[in-house]
Amino acid sequence: MRTGYRGTGPGVITPDGCAVELYSRLPPGDEPDIVAAAVPAGAHILELGSGVGRMTHPLLERGLTVTAVDESPQMLERVRGARTICSPIEVLDLGETFDVVLLASFLVHAGDVGVRRRLLRTCARHVADGGCVLIQREGEDYHTNLPRERVDPSGFTVRIVSAEPVGDGVNSVRAEYEFPDATWTQTFLSRPLSRQQFEEALAEAGLRVDRYLTDDRIWVRAVRAG
């Protein structure tokens, strides 16, 4: 396990505390629609942190081509119809570029600043000229509106239980996922970023905001700076 990360529940738990069986159950929500609406038809997407393909498969169904990257081979075993690459995102260097690079799941909020820098450099390194990077940020009240709970129409409950400071502007966040037949928890490190801090982090990697895709500014379309 990565330091500060852990998970509980049935099945394989990945180094960042994610449960393979849990993510196989989670629905994609409206995220594939947001992505598809922001990219050209038929675009080739480099999906960083694809997991089991929760977004990969709906994107493929929308006529997009996906190269799925994850550090967990057990996650990638669940991906169908896409090229898969098993690698930590922060060291990835494929020597090729893509129309779209996708960094979802709040990965840009990595607690370790060095990891965040390497994640964004991976994005910048792999985006083609004229292409874009799509990033999912945390909501502005993600660490303060706690505890909070959402009951999914499909029949499970997700709770963000707590976000406890652990130093240097980083919080330890605990999430719970309760299904009728099983419960999983995940604890992970997250660094809240204001809009200004986020845009400064992009600039450091040679990227800039093209536009915010949603009113809550959670989804962002970034492009190469200059």
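In this structure, the side chain of D168 does not engage the main chain of V170 through any donor-acceptor pair within 3.5 Å. Formation of a donor-acceptor pair under 3.5 Å by the R54 side chain with backbone atoms of P27 is found in this model. At distances below 3.5 Å, at least one donor-acceptor pair connects side-chain atoms of R125 with backbone N or O atoms of L92. Side-chain atoms of R6 do not come within 3.5 Å of backbone N or O of T3 as any donor-acceptor pair.
The two residues P192 and G169 make their nearest non-hydrogen contact at CD-O, 3.3 Å. A pairwise comparison of heavy atoms in L60 and R80 identifies CD1-O, 3.3 Å as the closest pair. Taking all atoms of both residues into account, the shortest heavy-atom contact from V173 to A163 is CG2-CB, 4.1 Å. In this structure, L120 and A201 approach most closely via the heavy-atom pair CD1-O, 3.6 Å.
V101 places a side-chain heavy atom less than 4.5 Å from the side chain of L48. Within the 4.5 Å cutoff, the side chain of E61 has no heavy atoms near those of the P32 side chain. Within the 4.5 Å cutoff, no side-chain heavy atoms of L119 are placed close to those of V108. Proximity of W219 to V35: side-chain heavy atoms (C-beta onward) are separated by under 4.5 Å at one or more points. Contact check for Q186 versus L22: no side-chain heavy atoms found under the 4.5 Å cut-off. Within the 4.5 Å cutoff, no side-chain heavy atoms of D152 are placed close to those of V158. Two residues are said to be in side-chain contact when any heavy atoms from C-beta on lie closer than 4.5 Å; R137 and Y142 fail this criterion. Under the 4.5 Å side-chain criterion, counting only non-hydrogen atoms from C-beta, H126 is not in contact with T97.
D93 CG: more than 12 foreign heavy atoms inside a 6.0 Å radius.
In this pair, F98 and H44 present their aromatic rings perpendicular. The plane angle is above 60°, beyond the 30 to 60° band. Using a 30° and 60° split on the angle between ring planes, F198 and Y212 fall in the tilted class, from 30° to 60°.
Between the OG atom in S194 and the CD atom in E200 there is a gap of 7.0 Å [rounded to 0.5 Å]. One finds the CD atom of E31 at 10.0 Å from the CG atom of L59 (value rounded to the nearest 0.5 Å). A distance of 14.0 Å separates NE2 in H109 from CG in L189, rounded to the nearest 0.5 Å. Remark: R62 CZ to D33 CG distance equals 4.5 Å, nearest 0.5 Å. Residue L107 holds its CG atom at 11.5 Å from OG1 of T122, rounded to the nearest 0.5 Å. Going from atom CH2 of W184 over to atom CD1 of I13 covers 9.0 Å, rounded to the nearest 0.5 Å.
Side-chain contact of S72 with D70: a donor-acceptor pair under 3.5 Å is absent, judged by distance alone. Remark: the E164 side chain and the S162 side chain contain no N/O donor-acceptor pair separated by less than 3.5 Å.
Salt bridge D129/R224: present, at least one basic N to carboxylate O contact under 4.0 Å. Using a 4.0 Å cut-off between a side-chain N of Lys or Arg and a carboxylate O of Asp or Glu, E21 and R25 do not qualify as a salt bridge.
For the pair R2 and F188, the NZ or CZ position fails the cation-pi test of under 6.0 Å to the six-membered ring centre and within 45 degrees of the ring normal.
Using a 4.5 Å cut-off between side-chain heavy atoms of Ile, Leu, Val, Met, Phe, Trp and Tyr, with links allowed through other members, V12 and V52 fall into the same hydrophobic cluster. In the hydrophobic clustering of this structure, Y177 groups with V20; members are Ile, Leu, Val, Met, Phe, Trp, Tyr whose side-chain heavy atoms approach within less than 4.5 Å, directly or through other members. Taking hydrophobic clusters as Ile, Leu, Val, Met, Phe, Trp and Tyr residues chained together by side-chain heavy-atom distances below 4.5 Å, V161 does not share a cluster with V166. Clustering ILVMFWY residues whenever any of their side-chain heavy atoms sit less than 4.5 angstrom apart, transitively, puts V209 in the very cluster that holds I135.
Exactly one of R116, Q197, H143 qualifies for a side chain to side chain contact (heavy atoms under 4.5 Å, CB included) with R191. That residue is R116.
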Side chain to side chain contact (heavy atoms under 4.5 Å, CB included) between I89 and R118, worked out: CA-CA 8 Å; I89 299 167; R118 291 192 292 274; over 6 Å; no
